[in-house]
*Asks:* 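One structure, as structure tokens, below. Some questions next.
Keep in mind that the numbers below use all heavy atoms, side chains included, and drop hydrogens, waters and symmetry copies. Atoms within each ligand, like the ligands themselves, are counted from 1 in listed order.
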Amino acid sequence: MRCPPLKITFLGTGTSSGVPMIACDCEVCSSPDKKDKRLRSSILVESDATVIVVDTSPDFRYQMLRAHVKKLDAVLFTHPHKDHVAGLDDVRAYNFFQQKPMELYANSLTEETLKREFAYAFSDKKYPGIPNLSLNTIDNAPFIIGDIPVIPVLVWHLKMPVLGFRFGNFTYITDANRIEEEEKEKIRGSEVMVLNALRKEKHISHYTLDEAVAEVQGLAVPKSYFTHISHQLGRHKEVNASLPKGIELAWDGLEILQDGVKDNP
Ligand SMILES: [Zn+2]
Ligand SMILES: [Zn+2]
Ligand SMILES: [Zn+2]
């Protein structure tokens with residue numbers, strides 16, 4: 001299947017607390033460098049016809065304002081953790097202007113959480129002004145939103161299944177610390193991939209910087225960006241300079257342009 005040319009925008013590249021973290025005065029949180037200011041992790045994927053956001057972070061409203069997103073066709077969810085779902089209520093603005101429900105794509109685990117945490121939006125008696133949501137259950141099977149084909153990639157966040165997504169030759173994975181060989185096949189051949197790299201010290205459910213480097217090198221993707229970054233990782237400038245060729249830390253506002261793909265894998 002054909003994938004049109006895409007523009008990917010990093011709306012947020014920070015871990016669950018964001019950077020700076022509330023009340024922290026470490027050198028990263030007090031850095032004047034714009035690249036050391038990270039909202040919670042999310043990306044925007046756009047073709048000429050279709051606009052998709054991956055996750056609705058607690059910063060969703062500000063992210064949409066900051067990136068001037070006037071139209072939104074769908075939300076793809078990676079997993080049900082709060083830093084990836086908390087901003088969902090604010091899709092109301094798109095309901096209002098687009099006069100239709102917002103299409104949500106989530107696995108059954110995430111769906112369960114959405115129904116619990118946003119119960120008011122799924123109740124039979126709908127209060128006026130609440131978000132109008134349409135749930136589409138996804139699993140590992142490819143699907144299409146507008147003109148953008150989406151290939152889910154199952155990864156593991158300790159014991160929680162998380163969905164990464166491949167769009168054409170671009171693959172986005174956050175909140176993982178393990179990828180099974182079979183799923184790696186879906187990533188191979190990507191021109192650009194994004195992977196989470198929390199910090200240098202070991203973590204129970206996130207890749208460390210070294211683990212993330214090893215993973216992307218093993219996949220032989222020519223260009224990789226790391227996201228979901230903690231203030232504990234260090235300042236962008238220094239950490240970025242220490243990375244091997246072809247690997248960079250992502251930053252809020254980073255845009256990636258992808259050519260169209262004739263035969264999407
Ligand atoms: Zn997260
Ligand atoms: Zn800090
Ligand atoms: Zn998580």
*Asks:* Which atom name would you report as the N, O or S atom of D83 nearest the Zn ion (ligand 1)?
*Replies:*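 Per the distance ranking, D83 contributes OD2 as its closest N/O/S atom to the Zn ion (ligand 1).
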*Asks:* Report the residue from D252, D59, D175, D83 that forms a salt bridge (charged side-chain N to carboxylate O under 4.0 Å, His left out) with R40.
*Replies:*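 For R40, the salt bridge (charged side-chain N to carboxylate O under 4.0 Å, His left out) check succeeds only for D59.
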*Asks:* Among the N, O or S atoms that H231 has, which is closest to the Zn ion (ligand 2)?
*Replies:*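 So the atom name we want here is ND1.
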*Asks:* If the cut-off is 2.8 Å, does any N/O/S atom of H79 fall short of it from the Zn ion (ligand 1)?
*Replies:*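 Given the 2.8 Å cut-off, H79 does not count as a ligand of the Zn ion (ligand 1).
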*Asks:* Within a radius of less than 6.0 Å around CZ of R199, do more than 12 heavy atoms belonging to other residues, nucleotides or ligands occur?
*Replies:*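 Atom CZ in R199 is crowded, with more than 12 foreign heavy atoms closer than 6.0 Å.
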*Asks:* Verify the cluster assignment for L114 and M160: are they in a single hydrophobic cluster under the rule of side-chain heavy atoms below 4.5 Å apart?
*Replies:*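 L114 and M160: separate clusters.
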*Asks:* Please report, to 10°, the angle around the Zn ion (ligand 2) from atom SG (C24) across to atom SG (C29).
*Replies:*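 That angle works out to 110° after rounding to 10°.
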*Asks:* Find, among atoms of H84 that are N, O or S, the one nearest to the Zn ion (ligand 1), and state its name.
*Replies:*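 Nearest N/O/S atom of H84: NE2.
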*Asks:* Examine all N, O or S atoms of H206, backbone included, and report whether one is under 2.8 Å from the Zn ion (ligand 3).
*Replies:*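 For H206, the answer is no, given that no N, O or S atom comes within less than 2.8 Å of the Zn ion (ligand 3).
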*Asks:* Go through V221 and V192 one step at a time and tell me if the side-chain contact (heavy atoms from CB on, under 4.5 Å) criterion holds.
*Replies:* CA-CA 6 Å; V221 174; V192 180; 5.5 Å; no
*Asks:* Would you say D175 reaches the Zn ion (ligand 3) with an N/O/S atom under 2.8 Å?
*Replies:*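 Looking at D175, which is the residue asked about, there is an N, O or S atom under 2.8 Å from the Zn ion (ligand 3).
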*Asks:* With a cut-off of 6.0 Å (strictly less than), are more than 12 heavy atoms of other residues, nucleotides or ligands near CZ of F97?
*Replies:*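 Counting neighbours around CZ of F97, 12 or fewer heavy atoms of other residues, nucleotides or ligands fall under 6.0 Å, so no.
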*Asks:* Under 3.5 Å, is there a donor-acceptor pair between the side chain of E248 and the main chain of Y225?
*Replies:*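 Side chain of E248 to backbone of Y225, a donor-acceptor pair under 3.5 Å: no, none is there.
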*Asks:* Tell me, which N, O or S atom in H228 is closest to the Zn ion (ligand 1)?
*Replies:*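 The nearest such atom is NE2.
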*Asks:* Do Y105 and I52 belong together in a cluster built from hydrophobic side chains that touch within less than 4.5 Å?
*Replies:*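 Same cluster.
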*Asks:* Counting backbone and side chain alike, does H81 bring an N/O/S atom below 2.8 Å of the Zn ion (ligand 1)?
*Replies:*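 It does not: H81 brings no N, O or S atom closer than 2.8 Å to the Zn ion (ligand 1).
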*Asks:* Identify, by name, the N, O or S atom of H157 lying closest to the Zn ion (ligand 3).
*Replies:*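 It is NE2, the N, O or S atom of H157 closest to the Zn ion (ligand 3).
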